[in-house]
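As the structure is a computational prediction, the values presented were derived from the model and not from experiment.
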Amino acid sequence: QVQLVESGGGLVQAGGSLRLSCAASGSVSSFRAMGWFRQAPGKQRELVASITIGANTVYADSVKGRFTISRDNPKNSVYLQMNSLKPEDTAVYYCNLKYGLLWSDSWGQGTQVTVSS
């Protein structure tokens with residue numbers, strides 16, 4: 001029902017920056033928030049940042065002060081500006097939509113972010 005397409009990943013040196021984009025389509029009505037998740041090799045997927053339709057934001061402690069999430073509600077898009085990247089940020093990044101207390105079970109392919117030291 002929900003289609004998610006992430007883009008903007010790539011290879012960057014430590015200290016560099018990337019901007020990720022996500023476009024949502026399909027049954028996207030009634031969502032309360034949008035968020036970015038990441039999954040590194042050998043680790044579980046974790047929420048790194050979220051933003052409500054009212055623009056309230058939350059960040060994982062590991063990225064606070066370095067990452068900024070933003071959204072464009074009319075376009076059903078969400079972005080993640082990543083600065084001061086560290087090797088531990090290396091992961092596949094996914095976006096998703098939250099309905100009430102639940103995140104959608106429709107995941108995109110993600111976009112790979114690789115940070116070299």
Spacing of [X] atom [atom1] and [Y] atom [atom2] [to the nearest 0.5 Å]:
| X | Y | atom1 | atom2 | answer |
| --- | --- | --- | --- | --- |
| Glu6 | Cys95 | CD | SG | 4.0 Å |
| Arg66 | Lys64 | CZ | NZ | 12.5 Å |
| Asn76 | Ser25 | CG | OG | 8.5 Å |
| Gln81 | Ser21 | CD | OG | 9.5 Å |
| Thr68 | Asn83 | OG1 | CG | 6.5 Å |

Hydrophobic clusters here meaning ILVMFWY residues chained together by side-chain heavy-atom distances under 4.5 Å, can you tell me if [X] and [Y] are in one?
| X | Y | result |
| --- | --- | --- |
| Phe37 | Ile69 | no |
| Val92 | Val63 | no |
| Val78 | Val2 | yes |

Between Ser77 and Asp72, does a side chain to side chain donor-acceptor pair (under 3.5 Å) hold up when you go through it step by step?
CA-CA 5 Å; Ser77 297; Asp72 187 335; over 6 Å; no

For residues 47-57, which side-chain donor-acceptor pairs fall under 3.5 Å, sequence neighbours excluded?
residue, atom, partner, partner atom, Å
Thr52, OG1, Gly54, N, 3.2
Thr52, OG1, Ala55, N, 3.3
Thr52, OG1, Asn56, N, 3.1

Side chains of residues 96-107: which donor-acceptor partners sit under 3.5 Å, not counting sequence neighbours?
residue, atom, partner, partner atom, Å
Asn96, ND2, Ser104, O, 2.8
Tyr99, OH, Ser27, O, 3.0
Ser104, OG, Ser106, N, 3.0

Is the number of heavy atoms from other residues, nucleotides or ligands under 6.0 Å of Arg19 CZ greater than 12?
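Enclosed: over 12 neighbouring heavy atoms sit under 6.0 Å from CZ of Arg19.
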
The test is salt bridge (Lys or Arg N to Asp or Glu O under 4.0 Å); show your working for Asp89 and Lys86 and say whether it passes.
CA-CA 5 Å; Asp89 295 319; Lys86 304 175 180 179; over 6 Å; no

What are the two closest heavy atoms between Met34 and Arg71, and how far apart are they?
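Answer, listing the atom of Met34 first, then Arg71: SD-CB, 4.4 Å.
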
Heavy-atom closest pair, residues Leu4 and Ala24
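The pair with the smallest heavy-atom distance is CD2-CB, 3.6 Å.
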
Tracing side-chain links under 4.5 Å among I, L, V, M, F, W and Y, which residues wind up in one group with Val58?
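Under the 4.5 Å side-chain rule, Val58 groups with nothing.
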
Do Arg38 and Tyr94 form a cation-pi contact, if we require the NZ or CZ to be under 6.0 Å from the six-membered ring centre and within 45 degrees of the ring's axis?
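Output no; distance or angle outside limits.
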
With ring-ring contact (aromatic ring centres under 6.0 Å, His included) as the rule and sequence neighbours excluded, what pairs involving residues 2-26 come up?
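Counting only pairs at least two positions apart or across chains, no ring-ring contact (aromatic ring centres under 6.0 Å, His included) contact touches residues 2-26.
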
Suppose the criterion is ring-ring contact (aromatic ring centres under 6.0 Å, His included): which pairs have a residue in residues 50-89, not counting sequence neighbours?
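Checked against ring-ring contact (aromatic ring centres under 6.0 Å, His included) - neighbours excluded - no pair reaches residues 50-89.
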
For Met82 and Leu20, what are the C-alpha separation, side-chain angles and deciding distance, and is it a side chain to side chain contact (heavy atoms under 4.5 Å, CB included)?
CA-CA 8 Å; Met82 306 185 295; Leu20 307 183; 3.7 Å; yes

For residues 110-117, please give each side-chain donor-acceptor pair under 3.5 Å, one per line with the distance, not counting sequence neighbours.
residue, atom, partner, partner atom, Å
Thr111, OG1, Gly9, N, 3.0
Gln112, NE2, Ala91, O, 3.4
Gln112, NE2, Thr114, OG1, 3.3

